[in-house]
Amino acid sequence: MKKALLFLTVVATALLADAKIDNTYTLSSPDGRLVAHIASDDVSISYYILYGDSMLLRPTFIDLDYTQGEKSINSMTVRKAARRSVDVSVASPFTRQATMRDHYNELTLHFKEGLSLVFRAYDEGVAYRFLWDGKPGRVNHELVNYNFDGDWKTTAAYVSQFDSTNHDVQYSTSFENQYKTIHLGELDPRRLCFLPIMVHCPNGIKVCLTESSLCDYPGLYLHGNGRSGLLTGEHAPLPKRVEQGGHNNLQLLVREREDYIAEMDRTKHFPWRIMMVGTATEIAMNNMSYLLGEPSRVDDISWIRPGKVAWDWWNCFNISGVDFEAGVNNNTYKHYIDFASRYGIEYVILDEGWAVNKQADLFQVVPEIDLPMLVDYARERNVGIILWAGYYAFDRDMERVCQHYSEMGVKGFKIDFMDRDDQIVTNFYRRAAEMCAKYHLVVDFHGAFKPAGFTRTYPNVLNFEGVFGLEQMKWAPTTVDQMRYDCEIPFIRQAAGPMDYTQGAMLNGGRWNYHPCWMEPMSQGTRCHQLALYIVLESPLNMLCDSPTNYEREPVYTRFVSEIPTVWDETRVLQGEVGEYIVTARRNGNTWYIGGITNWTSRDIEIDIRELGVKSEQLGVELYTDGVNAQRKGSDYRHSTLNTEHPTLNIHLAPGGGFVAKIELPTTE
């Protein structure tokens, strides 16, 4: 093993011919803890993975079945193999940290007919993908398996739609559902789970399964199959016939599908299949999804502006104390713009309602608003306007829409209701991102799958939904446990990239007084839980979801929220357990923000600020903590400041609670 590790680490970026021994190959991570063993028998490929002395994956078969013309390709005869080692720094703007270390060992197996297979081993996980450089053709099927070494527990979310008589309905999904934690063998083999999902291995080790570089290719689902430890992949077949319909006539609904999953007309890099490996907190800091995304295709990013957003939809325009009727009209949006301007909030979104309903035409603006006037009014106050757009309405005349609204001064689009991830839709994501970049427009994909490295390739795409976020509290029954879910997503969904959770509720319900309400919605948990989500969750385009009226009642709190950065120089996850609690620290410049949340279990947190490289010299700390009555009244919180030389902070979290600490570091000359 030492000889193998030495062989892997002595070369940097140079390609080497690899000696083949019985058609088997070994690839180790730079630190040697993770080892992938890959074998080829000319018609199939299998691999297994060790972590230290423990087996994570038993021999697991993978395959790519594709056709060129009438010829089906199934040869896995290795013609040559090559290795390289890479250790570079990658710029990562608009993310959790300014730069990321990209450090891995790589093995590439070249087969016949233009097909290759690449494995990479990081200290943080293992990934592989197929490469194709041949004639145009189609992918009939990609075999993806994860054959875990035991019937371990998994935390996974099924797609929300299920019909035992019609499997295809599962391919139409918004990728929003709560997680279940059950044994792998207990997963319903008829039901698809969307990525990412987590597997809880022995000795506190977690494996998070996801994908990256997902572009012009269908996304991956996983399902159990009744066998202990085995997960099997599935892709949505390519749509053959679609028709306009769905939500307000803004979607394309699949009515017929092909018997294959993708068409290929050029050189193709298939998605990376990722296994993140580590403790819970290590998974929460894993950067593999971003690093395995394709490099940026946007040369000039100087115009891209992340930031906070004042949002109308969640709070149903519930403003009061004004002399006009609130709704989709000029006075209401000027009120939102004025609010954003007072607090330095970068954007206001005009959500669904500004364009004529059910026409799927973004040039038909409702007569109640003067959009050019509102854009000018916002620009004079240093506020940008983002427009909501349904998928089909945006796609049907994409360039004309982007050019027209960019010239008007609109800063971006929130594109919604794709609700699929077949090849047609993943192709739409690429085209939409490219077109918006051409016209200097930022993008928030709603009704969307996970980012899958896309924010590296197109940095103007600041956010994705694909999360059971706060909007669900408008209608979710009291049986929904959002507090546990909030303590799961930083370890699972967020491992795939940023998310548009839309936090910021000002009406906050304890465990026994939360209730769903469409017109005056509230959150589960405490006010400080909501506040901490601005630190715990990664979201470069980040909503203040509640009404300006509710925020204006608490100007000190609102100004604190509005000043929390949305992009960071450094991130560290200090403590946490999946579904239980998490404490995250993020630095922007000379300021650290520390945020923590808990599920419905109250707990006491001790934080040693020396873990952040902060010396125990006297520091000013600004704190928002749960009030003494927060268990009864979720909006109860305490705002305090302290000067301390003590290196630890001791904080109590109420059930469903949270906290935020802000620490200003001394500046150095």
Intermediate values then yes/no, side-chain contact (heavy atoms from CB on, under 4.5 Å), Asp216 and Met264: CA-CA 9 Å; Asp216 294 325; Met264 301 183 298; over 6 Å; no
Main-chain N/O of [Y] paired to [X] side chain as donor or acceptor, under 3.5 Å:
X: His183; Y: Asp151; answer: yes
X: Thr426; Y: Tyr217; answer: yes
X: Ser289; Y: Ala496; answer: yes
X: Asn287; Y: Tyr290; answer: no
X: Asn203; Y: Ile205; answer: no
X: Thr60; Y: Asn147; answer: yes
X: Arg257; Y: Ile261; answer: no
X: Asp486; Y: Ile489; answer: no
X: Gln423; Y: Leu238; answer: no
X: Ser539; Y: Met499; answer: yes

For Phe449, the option from Tyr429, Phe428, Phe194 that meets ring pair (Phe, Tyr, Trp, His ring centres under 6.0 Å): Tyr429
Identify, with sequence neighbours excluded, every residue that meets ring-ring contact (aromatic ring centres under 6.0 Å, His included) alongside [X].
X: Tyr158; answer: none
X: Tyr221; answer: none
X: Tyr48; answer: His37
X: Tyr501; answer: none

Ring geometry between Tyr179 and Tyr485 (parallel below 30°, tilted from 30 to 60°, perpendicular above 60°): parallel
Parallel, tilted or perpendicular, as decided by the 30° and 60° cut-offs, for the rings of Phe454 and Phe464: perpendicular
Criterion side-chain contact (heavy atoms from CB on, under 4.5 Å) on Ile49 and Met275, from CA distance to verdict: CA-CA 10 Å; Ile49 294 179; Met275 287 182 56; 3.5 Å; yes
Worked verdict on Glu282 versus Arg572 for salt bridge (Lys or Arg N to Asp or Glu O under 4.0 Å): CA-CA 9 Å; Glu282 288 170 341; Arg572 302 187 193 182; over 6 Å; no
[X] and [Y]: side chain donor to acceptor below 3.5 Å:
X: Arg58; Y: Tyr146; value: no
X: Ser28; Y: Asn105; value: no
X: Tyr122; Y: Asp102; value: yes
X: Asn140; Y: Thr67; value: yes
X: Arg101; Y: Ser89; value: no
X: Gln251; Y: Asp419; value: yes

Leu231 and Leu187: CA distance, side-chain angles, deciding distance, side-chain contact (heavy atoms from CB on, under 4.5 Å) verdict: CA-CA 9 Å; Leu231 293 171; Leu187 287 171; 3.5 Å; yes
Full working for side-chain contact (heavy atoms from CB on, under 4.5 Å) between Leu56 and Val277: CA-CA 9 Å; Leu56 294 181; Val277 181; 3.8 Å; yes
Going by the rule side chain to side chain contact (heavy atoms under 4.5 Å, CB included), which residues pair with [X] if we only count those two or more places apart in sequence or in a different chain?
X: Ser116; result: Thr108, His110, Leu131
X: Thr232; result: Asn145, His223, Asn225, Leu230
X: Glu580; result: Arg484, Glu577, Asn599, Arg603

Of all residues at least two apart in sequence or in a different chain, which pass the side chain to side chain donor-acceptor pair (under 3.5 Å) check with [X]?
X: Asp300; value: Ser302
X: Asp395; value: Arg431
X: Ser172; value: none
X: Arg33; value: Asp31, Tyr51

side-chain hydrogen bond (donor to acceptor under 3.5 Å, both in side chains) evaluation trace for Glu294 with Ser213: CA-CA 6 Å; Glu294 300 302 311; Ser213 191; 2.6 Å; yes
How long is the span from the [atom1] atom in [X] to the [atom2] atom in [Y], to the nearest 0.5 Å?
X: Leu291; Y: Ser92; atom1: CG; atom2: OG; value: 8.0 Å
X: Leu292; Y: Tyr128; atom1: CG; atom2: OH; value: 13.0 Å
X: Asp416; Y: Ser174; atom1: CG; atom2: OG; value: 9.5 Å
X: Ile45; Y: Phe61; atom1: CD1; atom2: CZ; value: 10.0 Å
X: Glu124; Y: His103; atom1: CD; atom2: NE2; value: 9.5 Å
X: Ser212; Y: Leu195; atom1: OG; atom2: CG; value: 11.5 Å

Side-chain ion pair, Glu263 and Arg138, N-O less than 4.0 Å: no
Basic-acidic side-chain contact under 4.0 Å: Arg129, Glu106: no
Check against side-chain hydrogen bond (donor to acceptor under 3.5 Å, both in side chains), Thr181 and Thr155: CA-CA 4 Å; Thr181 298; Thr155 302; 2.9 Å; yes
Stepwise salt bridge (Lys or Arg N to Asp or Glu O under 4.0 Å) check, Arg273 with Glu142: CA-CA 11 Å; Arg273 309 300 175 205; Glu142 181 184 352; 2.8 Å; yes
Listed once per pair and sorted, the side-chain hydrogen bond (donor to acceptor under 3.5 Å, both in side chains) pairs that draw on residues 448-459, sequence neighbours left out: Glu211-Lys450, Arg297-Tyr458, Glu434-Tyr458
Heavy-atom side-chain proximity of Tyr171 to Arg420 below 4.5 angstrom: no
